Student: 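Questions regarding the structure given below will be posed in turn.
These values consider heavy atoms only, across backbone and side chains, with no hydrogens, waters or symmetry-generated copies. Each chain gets a letter, A, B and so on, in the order the sequences are listed, and its residues count up from 1. On a predicted model such as this, the values are computed, not experimentally measured, just so you know.
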Amino acid sequence: MEEFPKYYGGLETESLWQKRWEEEGIYRFDPDSSKPVYSIDTPPPTVSGQIHIGHVFSYTQAEIMIRYFRMKGFNIFYPFGFDDNGLPTERFVEKQLGVSAASLPREEFISQCLEISKNIEAQFKELWQSLGFSVDWDQLYSTIEPSSRRISQRSFLDLYKKGLVQKKAMPALYCPFCRTTVAQAESEDKEIPSQFVDLLFHLDDGRELIIATTRPELLPALVAVFVHPDDPRYKELHGHSVRSPLFDREVPLLTDGKVDPEKGTGAVMCCTFGDTTDIEWFNTHSLPLRQVIDGAGRLNELAGPYQGLKVSEARTKIKDDLEAAGLLRGRKEIVHSVNVHERCGKEIEFLVKDQWFIKILDKKEELIAQGDKIHWFPDFMKERYVNWVKDLKWDWCISRQRKYGVPFPLWYCKSCGQVVLAKEEELPVDPLQTLPKDPCPHCGGREFLPEADVMDTWATSSVTPQINGRWGEGDDRLEKIFPMSLRPQAHDIIRTWAFYTIVKSYYHHGQAPWKNIMISGHSLAQNREKISKSKGNAGVTPAQIIKNNTADTVRYWAAGSRLGMDTFFSEEVLKNGKRLITKLWNASKFALMNLENYRPGTTGKRNLIDLWILARLDQLVEGTTQYMEKYEYGLALSTLETFFWKDLCDNYIELVKGKIKEGTEEERIGSQEVLYKVLWTTLRLFAPFLPHVTEEIYSLSLKENEKHRSIHLAPWPENEGFCLTGEDEKKSLFLLRLVDAIRKGKTEKKLSLAHPIALFRFSSPWPREDSQIREALPTIFSLLKVQEEAERFEPDYTFQEEGLSLAIKWGEKEEKAPDQQRPL
RNA sequence: AGGCGCGUAGCUCAGUUGGAUAGAGCACUACCUUGACACGGUAGGGGUCGGCGGUUCAACUCCGCCCGCGCCUACCA
């Protein structure tokens, strides 16, 4: 056994172990192993800015579980990846460089993206390593690398051949600022101040009609006016037409039950398009299309004199002109919530564009059924998935009018206009760079137009199981790892990563991508708000927090709440973690001191105290294992912590000291064997949570005997069937009560726990000469300095409760020699 | 407005299928340097379990309504 240092090395020790784990490759996936495979589909973080403590919270919880499964004997496939293409990365790079993508040539912009991504990815990897993550870094992937692009394009071709993706012109969410369409998942709500204005319209017979709107700039896009069919105010107007102010266009007055008579004046403008209701009416009432906003967010020729103005400029100008013409009858300041693009915060418009859509709306039932086949932890998170799918209003639009991303593998034939797909062997292909080798299969044409859009970033990051499984790349990796065992992620991305990945796996393979999904909560900022890049409330960086506290301490914090629950970042909890690590170090050090003359494997005589801790240990193994099986790492840890601190340190280790020092050889070996077993088991139970300190203790002590290369490759402890029942159990608990009672006596009399007890007697429900109790007494007397048991004496202190009474005569405290006193 | 979750000691959180005086850590009080650990130990104070009603022999736990907070979705006339 090596020398056990007085103090634990903390950060330095951690980085040494991180390096050794990596060098020795102990977390590598072994494709030839006969163990059952456990594969993890880790969400590739988006390269779009700095990582914050919330990411650490979520990823650490998963990592703890993965360490558990490794110890349970699984062959772990734990890859890591980065999602480094698409709009999020583009926006990030634009910000970093202070340029817009449009102002740079495509090639140059892409090479800038790649360079900046590489830097960020290096930082990510360093951070994960500094937390001791047991990732197999040989499996590292990025969603922009050629094989990922190929698989992403293969995914598109497969969907195309199955008729699950189609190009169609229909209203889509469009961000004029980013100049691209976006998916429903990329829009979010934002409270924005606005003005509700009353406009004066005239009916065809000259009567007046007031309509309230927040978007007067859409007047040139007016296609109808709606009222509620039962609204008495407007009953007589049914069938008439309405003339719009300023633009002098005549549109029909129609009725629809969706109109809320309470809102505004109960009469509504329907423009193409102001909101989702407009789209609905456009479809249900077959209205004409009048699109006045262009891709740059400016009004077009349909707006007449307002052509070229931005939406916001046009809004002001049109209001001013209406006012001047006496057609604006009222203004009301309001704050309303508006759909904005999550990446830039700018208002989203609905524009009709020719876009590629993956079919969702007519597959909702099947997609919900797939979600149902996955085990969700915690189970209620499934509701969020189901609700999201149920409420979807759009098919999944995957066209992005951007530069950096995976291109569509197709061209359009110039003569017949048909789609010409790339061939499997050409992938990955950039249609802007190359042309089809063969003539158009539809008409034999030889000239082609490339599809210039790129795919939505999620079109790529939704195929992570396929990327990890090298789908279609000519080996059997996919069969080995798919469906993947676990998807770990936070609850905010159920609607994106989880949803899209389920869609893709179901469409490609007819099954859900994972067996289990664990959904973690968020780490909240001090004011109970979600931490997010846009709010800038992330606080201290994770790297700094680890530096200040060690990785094991940060992991302890991350494990400190139940799965799925949001938690605060808390210095307090970090402090507790540090205390635990120190205690673990000290307790191990002391246990090992007491094991110095013990030969592992030998057995001796056990007393009731030994049997009690073994029984508690089995309960602990049972309890923590059950919690881990339910992904309740937090409950497992707190059970473990309570056992370690209360049962092991405060009681067993204290009690066993005397027996090991003063007992017979048989007694000594009996307790040493138990102590060894308890220490080894406890360390392994702590290992997934505190991988560094447990590895360090293990390597300094038990490794010599246990022989596993790392504690993390040792098996998770099993229940060995120890338990105390009947009288044995009652007697063991009695002995612990006896210890408590004596401690209480000393404390009440304000004496040191080491204060000698000159004379002592006690009574129990068992005969005086009960051998099991007798055997355990020297241990207790040694700890509490009981010098002599006596029948008759005048006590200084007595204590009595059900089944236990005792009497004590205090002894004289020995003065310590000055040289024995602890130096300051 | 709908969905999901949360509301337990001053703070951070446990309390698994309803069952005796509701738990832990921090903080607080008193005492104790005990042979690993004062980043320790022993004892103690502190809670109308968000509110109201219901089911039950029994409710922190189940049901209904309400209040507060968070997240997701909807609401742009």
Student: Give A/Trp645 one of three labels, base, sugar-phosphate or nothing, depending on what nucleic acid heavy atoms sit under 4.0 Å from its own.
Tutor: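 Sugar-phosphate: the residue A/Trp645, judged by heavy atoms under 4.0 Å, touches backbone atoms but no base.
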
Student: Whole angstroms only, please: what is the OH-C1' distance between A/Tyr174 and B/rC76?
Tutor: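 Computing the A/Tyr174:OH to B/rC76:C1' distance gives 20 Å.
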
Student: Using a heavy-atom cut-off of 4.0 Å across all strands, would you classify A/Leu580 as base, sugar-phosphate, or nothing?
Tutor: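 The answer is nothing, as A/Leu580 stays clear of every strand by at least 4.0 Å.
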
Student: Does OP1 or OP2 of B/rG5 have a side-chain N or O of A/Arg384 closer than 4.0 Å?
Tutor: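 For B/rG5, OP1/OP2 do not have a side-chain N/O of A/Arg384 under 4.0 Å.
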
Student: Could you give the distance separating B/rA24 and B/rC63 at their P atoms, to the nearest angstrom?
Tutor: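 Their P atoms lie roughly 28 Å apart.
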
Student: Taking only residues two or more places apart in sequence, or in another chain, which ones meet A/Tyr627 in a ring-ring contact (aromatic ring centres under 6.0 Å, His included)?
Tutor: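 A/Tyr627 satisfies ring-ring contact (aromatic ring centres under 6.0 Å, His included) with no residue once adjacent residues are dropped.
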
Student: How long is the line joining CD1 of A/Ile581 and P of B/rC39, in whole Å?
Tutor: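 Taking CD1 of A/Ile581 and P of B/rC39, I get 16 Å after rounding.
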
Student: For the P atoms, the ones on B/rG50 and on B/rA9, what distance do you get once it is rounded to whole angstrom?
Tutor: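 The answer is 8 Å between these two P atoms.
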
Student: Can you check the A/Phe380 CZ to B/rG70 P distance for me, whole Å?
Tutor: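 Answer to the nearest Å: 17 Å.
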
Student: Applying a 3.5 Å limit to both distances, which nucleotide forms a Watson-Crick or G-U wobble pair with B/rU34?
Tutor: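 Across any shown strand, B/rU34 pairs with none.
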
Student: Which is more 5' along RNA chain B, the nucleotide nearest A/Glu748 or the one nearest A/Lys661? Just name the residue.
Tutor: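 So the residue in question is A/Lys661.
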
Student: With both distances under 3.5 angstrom, what nucleotide forms a Watson-Crick or G-U wobble pair with B/rC57?
Tutor: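 By the stated definition (distances under 3.5 Å), B/rG19 pairs with B/rC57.
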
Student: For A/Leu635 and B/rC13, give me the distance from atom CG to atom C1', rounded to whole Å.
Tutor: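 For the pair A/Leu635 CG and B/rC13 C1', the rounded distance is 11 Å.
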
Student: Rounding to an integer number of Å, can you tell me how far A/Leu783 CG sits from B/rG35 C1'?
Tutor: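 It works out to 10 Å between those atoms.
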
Student: Are the side chain of A/Lys746 and the backbone N or O of A/Leu753 linked by a donor-acceptor pair below 3.5 Å?
Tutor: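 The answer is yes, because a donor-acceptor pair under 3.5 Å joins these two groups.
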
Student: If you measure from the P atom in B/rG25 to the same atom in B/rA43, how many Å do you get, rounded?
Tutor: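 Each nucleotide's P atom is 11 Å from the other's.
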
Student: Please name the pair of heavy atoms, one in A/Pro261 and one in A/Arg233, separated by the smallest distance, quoted to 0.1 Å.
Tutor: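 In terms of heavy atoms, the two residues are closest at O-NH2, 3.1 Å.
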
Student: Suppose we define a pair by two distances each less than 3.5 Å, Watson-Crick or G-U wobble; what does B/rC39 pair with here?
Tutor: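 Matched B/rC39 with nothing under the 3.5 Å cut-off.
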
Student: So what's B/rG25 paired with, Watson-Crick or G-U wobble, going by both distances under 3.5 Å?
Tutor: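 B/rG25 is paired, partner B/rC11.
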
Student: Base, sugar-phosphate, or nothing for A/Phe196, non-hydrogen atoms under 4.0 angstrom?
Tutor: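 Touches sugar-phosphate only.
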
Student: For the residue pair A/Thr13 and A/Glu696, confirm or rule out a side-chain donor-acceptor distance under 3.5 Å.
Tutor: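 A/Glu696 and A/Thr13 do not have a side-chain donor-acceptor pair below 3.5 Å.
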
Student: Using the C1' atom in both, what is the distance from B/rU61 to B/rC49, to the nearest Å?
Tutor: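 Pairwise C1' distance, B/rU61 against B/rC49, rounds to 10 Å.
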
Student: What nucleic acid atoms does A/Thr276 come within less than 4.0 Å of, heavy atoms only: base, sugar-phosphate, or nothing?
Tutor: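 Sugar-phosphate only.
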
Student: Checking A/Asp566 now: which residues fulfil side chain to side chain donor-acceptor pair (under 3.5 Å) with it, not counting sequence neighbours?
Tutor: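 Side chain to side chain donor-acceptor pair (under 3.5 Å) list for A/Asp566, sorted by chain: A/His491.
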
Student: Would you say that more than 12 heavy atoms from the other residues, nucleotides or ligands in this model lie under 6.0 Å from the NZ of A/Lys390, or not?
Tutor: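 No, not enclosed.
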
Student: Please give the nucleotide sitting opposite B/rG70 as a Watson-Crick or G-U wobble pair, both distances under 3.5 Å, or none.
Tutor: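 With both distances under 3.5 Å, B/rG70 matches B/rC4.
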
Student: By nearest atom, which of the nucleotides B/rA36, B/rA14, B/rA74 is closest to the A/Lys393 side chain?
Tutor: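 Within the option list, the nearest is B/rA74.
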
Student: Looking at every strand, decide which applies to A/Asn339 at a 4.0 Å heavy-atom threshold: base, sugar-phosphate, or nothing.
Tutor: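 It contacts base atoms.
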
Student: Can you spot which of A/Asn339, A/Leu173, A/Ile293 makes a side-chain contact (heavy atoms from CB on, under 4.5 Å) with A/Glu349?
Tutor: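 Answer after filtering A/Asn339, A/Leu173, A/Ile293: A/Ile293.
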
Student: What contact category does A/Phe350 fall into here, base, sugar-phosphate, or nothing, at under 4.0 angstrom with non-hydrogen atoms?
Tutor: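 Here A/Phe350 touches the bases of the nucleic acid.
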
Student: Parallel, tilted or perpendicular: which one describes the rings of A/Phe57 and A/Trp557, with boundaries at 30° and 60°?
Tutor: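 The arrangement is tilted - the two ring planes meet at 30° to 60°.
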
Student: Please determine, for B/rC76, whether a Watson-Crick or G-U wobble partner exists with both distances under 3.5 Å, and give it or none.
Tutor: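 In the structure as shown, B/rC76 has no Watson-Crick or wobble partner.
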
Student: Provide the distance between the two C1' atoms, one in B/rC4 and one in B/rG44, to the nearest whole Å.
Tutor: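 Per the computed distance, 42 Å lies between those C1' atoms.
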
Student: Can you figure out which of B/rG15, B/rA36, B/rU73 approaches the side chain of A/Ala587 most closely?
Tutor: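 Selected nucleotide: B/rA36.
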
Student: For A/Ala591, report the nucleic acid contact type (base, sugar-phosphate, nothing); a contact means any heavy atom under 4.0 Å.
Tutor: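 Answer is nothing: A/Ala591 stays at 4.0 Å or more from every strand.
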
Student: Please check if atom NZ in A/Lys346 has more than 12 non-hydrogen atoms from other residues, nucleotides or ligands closer than 6.0 Å.
Tutor: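 Yes, because the 6.0 Å sphere around NZ of A/Lys346 holds more than 12 heavy atoms from other groups.
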
Student: Would you indicate, yes or no, if B/rC4 has its OP1 or OP2 atom less than 4.0 angstrom from a side-chain nitrogen or oxygen of A/Trp388?
Tutor: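 Result: no.
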
Student: When we call it a touch if two heavy atoms are under 4.0 Å apart, what does A/Glu632 touch: a base, just sugar-phosphate, or nothing?
Tutor: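 Nothing, no heavy atom under 4.0 Å.
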
Student: Indicate, with a heavy-atom threshold strictly under 4.0 Å, whether A/Thr265 touches base, sugar-phosphate, or nothing.
Tutor: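 Here A/Thr265 touches no strand at all.
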
Student: For B/rC60 and B/rC52, measure between their P atoms and round to the nearest Å.
Tutor: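 Straight-line distance between the two P atoms is 12 Å.
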
Student: Whole angstroms only, please: what is the NZ-P distance between A/Lys332 and B/rC76?
Tutor: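 One finds 14 Å between P of B/rC76 and NZ of A/Lys332, rounded.
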
Student: In whole angstrom, what separates A/Asn387's CG from B/rU73's P?
Tutor: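 Computing the A/Asn387:CG to B/rU73:P distance gives 11 Å.
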
Student: At what distance, to the nearest 0.5 angstrom, does NZ of A/Lys364 lie from CH2 of A/Trp388?
Tutor: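 Here the rounded value is 10.0 Å.
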
Student: If you measure from NZ on A/Lys319 to CZ on A/Arg331, what distance do you get to the nearest 0.5 Å?
Tutor: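 So the NZ of A/Lys319 and the CZ of A/Arg331 are separated by 6.0 Å.
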
Student: Are any side-chain N or O atoms of A/Trp281 and backbone N or O atoms of A/Leu287, one a donor and one an acceptor, separated by less than 3.5 Å?
Tutor: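 Side chain of A/Trp281 to backbone of A/Leu287: no pair is present.
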
Student: Just call it for A/Glu571: base, sugar-phosphate, or nothing, with non-hydrogen atoms closer than 4.0 Å on any strand.
Tutor: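 It contacts nothing in the nucleic acid.
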
Student: In terms of side-chain heavy atoms of A/Val573, which of B/rU12, B/rA43, B/rC39 is nearest?
Tutor: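 From the listed options, B/rU12 comes nearest.
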
Student: Touch check for A/Val259, heavy atoms < 4.0 angstrom, all strands: base, sugar-phosphate only, or nothing?
Tutor: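 Contact class for A/Val259: base.
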
Student: Kindly point out which of B/rU16, B/rC37, B/rA14 is positioned nearest to the side chain of A/Met565?
Tutor: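 Selected nucleotide: B/rA14.
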
Student: For atom C1', what is the distance between B/rG18 and B/rC76, given to the nearest Å?
Tutor: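 Approximately 48 Å lies between the C1' atom of B/rG18 and that of B/rC76.
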
Student: Using a cut-off of 4.0 Å on non-hydrogen atoms, how would the nucleic acid contact of A/Thr553 be classed: base, sugar-phosphate, or nothing?
Tutor: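 Touches nothing.
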
Student: Mind calculating the distance between CG (A/Leu655) and C1' (B/rA36) to the nearest angstrom?
Tutor: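 Taking atom C1' of B/rA36 as the reference, CG of A/Leu655 is at 15 Å.
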
Student: At under 4.0 Å between heavy atoms, what does A/Asp650 touch on the DNA or RNA strands: base, sugar-phosphate, or nothing?
Tutor: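 If one applies the 4.0 Å heavy-atom cut-off, A/Asp650 turns out to touch the sugar-phosphate alone, with no base involved.
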
Student: Between B/rG68 and B/rA74, how far is it from one C1' atom to the other, in whole Å?
Tutor: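 Looking at atom C1' only, B/rG68 and B/rA74 are 22 Å apart.
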
Student: Taking the side chain of A/Thr582 as its heavy atoms from C-beta onward, which of B/rA36, B/rG41, B/rC39 lies nearest to it?
Tutor: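 In terms of side-chain proximity for A/Thr582, the closest of B/rA36, B/rG41, B/rC39 is B/rC39.
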
Student: For A/His491, which contact category applies under a 4.0 Å heavy-atom criterion: base, sugar-phosphate, or nothing?
Tutor: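 A/His491: backbone/sugar contact only, no base atoms under 4.0 Å.
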
Student: Within the sub-3.5 Å range, which N or O atoms of nucleotides 22-32 of chain B have a protein N or O partner, and how far apart are they?
Tutor:
{"from": "B/rG25", "atom 1": "O3'", "to": "A/Arg579", "atom 2": "NH1", "distance (Å)": "3.4"}
{"from": "B/rG25", "atom 1": "O2'", "to": "A/Asn576", "atom 2": "OD1", "distance (Å)": "3.0"}
{"from": "B/rG25", "atom 1": "O2'", "to": "A/Asn576", "atom 2": "ND2", "distance (Å)": "3.0"}
{"from": "B/rC26", "atom 1": "OP1", "to": "A/Arg579", "atom 2": "NH2", "distance (Å)": "3.1"}
{"from": "B/rC26", "atom 1": "O2'", "to": "A/Glu572", "atom 2": "OE1", "distance (Å)": "2.4"}
{"from": "B/rA30", "atom 1": "O2'", "to": "A/Lys750", "atom 2": "NZ", "distance (Å)": "3.0"}
{"from": "B/rC32", "atom 1": "O2'", "to": "A/Ser752", "atom 2": "OG", "distance (Å)": "3.3"}

